[in-house]
There are 2 protein chains.
Amino acid sequence: MTHQPSEHTGAPPGYDPRAFPPFAVTVDLAVLTVRAARLQVLLVRRGEDPHRGAWALPGGFVRPDESAGAAARRELAEETGLSDSTVRHLHLEQLRTYSEPDRDPRMRVVSVAYAALLPDLPEPRGGGDAAHARWTPREHAAPLAFDHERILADAHERVSAKLEYTCLATGFCPAEFTLGELRQVYETVWGVPLDPPNFRRKVLATPGFVEAVEGPPRRTGGRGKPAALYRAGPASVLHPPLLRPEGRRP
Amino acid sequence: MTHQPSEHTGAPPGYDPRAFPPFAVTVDLAVLTVRAARLQVLLVRRGEDPHRGAWALPGGFVRPDESAGAAARRELAEETGLSDSTVRHLHLEQLRTYSEPDRDPRMRVVSVAYAALLPDLPEPRGGGDAAHARWTPREHAAPLAFDHERILADAHERVSAKLEYTCLATGFCPAEFTLGELRQVYETVWGVPLDPPNFRRKVLATPGFVEAVEGPPRRTGGRGKPAALYRAGPASVLHPPLLRPEGRRP
DNA sequence: ACAAAAGTGTTCCATCTACACCCATGG
DNA sequence: CCATGGGTGTAGATGGAACACTTTTGT
């Protein structure tokens with residue numbers, strides 16, 4: 001960052017940055033949620049060429065006076081209709097930057113991709129221009145415009161990995177949740193069933209992961225015994241990690 | 001990426017991208033190696049303001065016809081004098097993108113940061129303009145220009161984490177190495193001593209991590225019993241992971 | 001002979017896995 | 001009264017930590 005134009009070899013000495021063919025910088029968002037026991041992603045339908053009519057990840061230009069992270073939050077608020085204060089507090093995970101010169105035939109576009117985790121929400125009531133936004137099950141999110149399938153795959157993999165060693169899973173849950181709901185987040189994102197007793201022990205053994213809600217209020221997901229409610233705790237990393245049951249040795 | 005200028009809300013309808021205040025896109029490189037049992041980083045001395053005379057990470061502009069990754073490899077070859085084919089094959093890890101609007105007072109610069117791992121090399125014989133490049137112990141790499149200390153910290157943390165569950169450590173080693181040298185990579189990057197017998201077992205138990213070199217040639221790091229030589233194996237991930245001895249419960 | 005590093009073996013202990021079992025609720 | 005999910009208990013397997021011990025070199 002912040003290199004003198006004449007520093008090193010990227011630009012000839014005395015180079016004027018304004019003469020450079022401009023790079024456009026955009027953000028793309030993989031907004032994920034768990035709805036109806038499925039991992040779902042927020043998609044928008046493109047209204048312009050190229051890929052007019054195709055589904056794509058939401059996103060847009062970074063403005064001259066904002067960081068890429070701020071642009072991602074702004075776009076997220078606009079696409080979902082969530083309040084600014086809600087969007088301001090939720091976790092945005094920068095995935096990586098896609099910069100192949102031929103990604104867009106019309107101009108040079110560099111895009112910073114983010115993943116966002118939301119609890120189950122009503123259908124997006126997009127403010128204004130985002131009425132075309134829709135939750136789509138992750139496995140049906142194809143084909144997508146540009147290389148958005150790749151970005152979505154990267155987002156899924158990153159979130160899956162981060163569930164193992166961070167408290168990120170609570171980001172998919174409402175303010176108060178049962179351990180069964182939390183477990184379903186793991187099962188849905190990873191696509192594997194987990195043993196409820198062991199999951200419970202693991203979560204409660206990790207200090208700061210969840211906190212019991214004081215009052216004895218209980219809630220049920222359908223039928224069965226009512227479950228105790230928990231809140232997200234202050235911890236951000238899991239010690240020890242909660243590993244997905246892959247890599248079993250036969 | 002690749003958003004239509006009039007798509008969504010990042011730009012007004014009918015917007016012409018060429019009228020946008022241009023973003024410059026650069027790459028910054030945290031080039032790491034293990035020399036003399038220390039983690040060292042390649043630094044260059046800035047020849048221009050701002051931060052003239054300060055040490056900084058190497059880097060430079062992304063050209064209009066290359067991806068950020070290609071720019072990083074080009075800069076790396078120029079700074080180190082390594083051959084193109086060598087640079088083409090080594091592992092470049094994209095860290096993240098830094099895009100705060102005020103990083104550079106002169107213009108808007110978005111930088112994609114990479115980490116690169118090199119085996120111990122002679123002092124950089126920088127081709128041409130990079131004669132001012134120097135290996136510096138990681139703990140002495142301060143102060144640095146701009147937010148390069150932050151980038152270096154991110155690189156160190158990312159590499160430390162990836163050593164746990166990938167075969168990245170062989171990237172710090174020459175083509176043939178002893179298990180003692182491989183262990184020293186871990187100890188140096190993590191800054192903790194490891195138990196040699198347990199380390200040995202762990203590495204050999206991971207299929208594809210290392211391969212024994214056929215001939216019975218042996219080499220010594222100094223004195224002591226000569227050690228068998230190994231090559232990097234075909235695996236890229238470690239199952240199970242080789243965790244650093246942090247997070248012990250007292 | 002001694003130091004230093006390679007390499008082998010073994011014991012102890014934390015944790016994970018897998019189930020058996022009881023509890024509370026809705027149909 | 002039975003299906004369903006919450007919650008507790010426990011025995012066996014697994015794998016890492018710690019450390020004793022032998023081997024092979026340089027000085």
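Protein chains get the first letters and strands the later ones, always in sequence-line order, with residue 1 at the start of each.
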Query raised in the report: What pairs with B:Ser67 under side-chain contact (heavy atoms from CB on, under 4.5 Å), at least two apart in sequence or on another chain?
Result: A:Ser99, A:Glu100, A:Pro101, B:Ala70

Report summary line: Taken in chain and number order and not counting sequence neighbours, the residues that satisfy side-chain hydrogen bond (donor to acceptor under 3.5 Å, both in side chains) with B:Glu187 are B:Arg183

Measure all distances between protein nitrogen or oxygen atoms and nitrogen or oxygen atoms of nucleotides 10-14 of chain D, and list the pairs falling under 3.5 Å.
unit_1	atom_1	unit_2	atom_2	d
D:dT10	O4	A:Arg201	NH2	3.3

Query - With sequence neighbours excluded, residues passing side-chain contact (heavy atoms from CB on, under 4.5 Å) with B:Asp120 - result: B:Arg35

Report summary line: Taken in chain and number order and not counting sequence neighbours, the residues that satisfy salt bridge (charged side-chain N to carboxylate O under 4.0 Å, His left out) with A:Lys202 are none

Query - side-chain contact (heavy atoms from CB on, under 4.5 Å) involving B:Ser236 - partner list, sequence neighbours excluded - result: none

**Report entry** Qualifying residues under side-chain hydrogen bond (donor to acceptor under 3.5 Å, both in side chains), relative to A:Ser160, sequence neighbours excluded
**Finding:** none

Query raised in the report: Looking at residues at least two apart in the chain, or sitting in another chain, which of them share a side-chain contact (heavy atoms from CB on, under 4.5 Å) with B:Ala169?
Result: B:Leu163, B:Leu182, B:Val185, B:Tyr186

Query - Positions of residues 189-197 of chain B (non-hydrogen atom under 4.0 Å from DNA chain D), listed by number - result: B:Asp195, B:Pro197

Query raised in the report: Contacts to DNA chain D from residues 163-174 of chain B, heavy-atom cutoff under 4.0 Å, which residues?
Result: none

Requested in this report: For A:Arg231, enumerate each residue passing the side-chain hydrogen bond (donor to acceptor under 3.5 Å, both in side chains) test, keeping only those at least two apart in sequence or located in another chain.
Outcome: none

**Report entry** Rounded interatomic separation in angstrom, taking CZ from B:Arg183 and P from C:dG7
**Finding:** 10 Å

**Report entry** salt bridge (charged side-chain N to carboxylate O under 4.0 Å, His left out) partners for A:Glu149, two or more places apart
**Finding:** none

